[in-house]
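Structure record follows, encoded as structure tokens.
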Amino acid sequence: MEKDRFYASVYEAIQEVPYGKVTTYGHIARLIGRPEYPRGVGTALKNLPSDANLRFNESSVPWQRVVNAKGSISPRGPGSQRRQADALGQEGVEVSQDAMGEYSVNFGEYGWFPELLPSEEAEMAQEQES
DNA sequence: GTTTTGACTAGCT
DNA sequence: AAGCTAGCCAAAA
């Protein structure tokens, strides 16, 4: 199904976000060729399986490295924001919390926004050979 | 089945 | 500058 391919693309793209860096839902959407559907990236993450036997699951996909365009951790279930903030802190990403309780990261220091996925660059290089 | 919600965002007020 | 809208479409209701 098309949606499954979309999910897989989302997970694959997120796996290329480097340790200690963060990117946005919108950026992932653009990287996989669906610039108009950043919301789908969020949906895919919401449905990320916990089952360790599956190819894509909570430990194989660095879900914590995805934040919203404002640089903050998107609100969802209670405690979930805190969990993500902790996960990021674990890998050296500073997460600050404002008076409103909103967690955010500094893109200048931690942002990761390539034009192409590293894997795609590799393919491009491959084609150059002759 | 149909309708509403929502890990979103760029563009307008 | 803070808030609203349209567009998006899978999930949940």
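In what follows, chains are A, B, ... by sequence order, proteins preceding strands, each numbered from 1.
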Kindly state whether the ring of A:Tyr7 and the ring of A:Phe56 have centres lying under 6.0 angstrom apart.
no
Of all the choices, B:dT9, C:dA11, B:dC8, which nucleotide is nearest to the side chain of A:Ala69 once you look at every atom?
B:dT9
N/O (side chain, A:Ser74) to phosphate O (OP1/OP2, B:dC8) under 4.0 Å:
yes
How long is the line joining CE of A:Met100 and C1' of C:dA1, in whole Å?
15 Å
Taking any heavy-atom pair under 4.0 Å as a contact, classify A:Gly26: base, sugar-phosphate, or nothing.
sugar-phosphate
Using a heavy-atom cut-off of under 4.0 Å over every strand shown, decide if A:Thr24 touches base, sugar-phosphate, or nothing.
sugar-phosphate
How close do A:Ser9 and A:Ile32 get, counting heavy atoms only, and between which atoms?
O-CG2, 3.6 Å
When you measure from the side chain of A:Gln15 to the backbone N and O of A:Ser60, does any donor-acceptor pair fall under 3.5 Å?
yes
Between the side chains of A:Gln64 and A:Glu91, is a donor N or O closer than 3.5 angstrom to an acceptor N or O?
yes
Out of B:dA10, C:dA10, B:dT9, which nucleotide sits closest to the side chain of A:Thr43?
C:dA10
Is there a side-chain contact between A:Arg39 and the phosphate of B:dT5, meaning an N or O under 4.0 Å from OP1 or OP2?
no
Rounded to whole Å, the NZ-P distance (A:Lys70 to C:dA1) equals 16 Å
Nearest whole angstrom, please: distance from the C1' of C:dA11 to the CG of A:Leu45.
15 Å
When the distance from CE of A:Met1 to P of C:dA11 is rounded to whole Å, what number comes out?
8 Å
Hey, does A:Arg30 reach any base, or is it just sugar-phosphate, or nothing, if we go heavy atoms under 4.0 Å?
sugar-phosphate
Are A:Phe107 and A:Val67 close enough, and set up right, to give a side chain to side chain contact (heavy atoms under 4.5 Å, CB included), and what steps lead you there?
CA-CA 10 Å; A:Phe107 285 145; A:Val67 299; 3.7 Å; yes
Rounded off to whole Å, could you give me the OH-to-C1' distance for the A:Tyr25 and C:dG7 pair?
19 Å
Using atom OH of A:Tyr7 as one end and atom P of C:dA10 as the other, report the distance to the nearest whole Å.
8 Å
Please give, in whole Å, the distance from B:dG6 C1' to A:Lys46 NZ?
6 Å
Can you tell me if A:Arg34 touches the phosphate of B:dT9, counting only side-chain N or O atoms and a distance under 4.0 Å to OP1 or OP2?
no
Whole-Å distance, A:Tyr37 OH to C:dG7 C1', equals 11 Å
With a 4.0 Å limit, can you tell me whether A:Asn47 has a side-chain N or O closer than that to the phosphate oxygens OP1/OP2 of C:dA10?
no
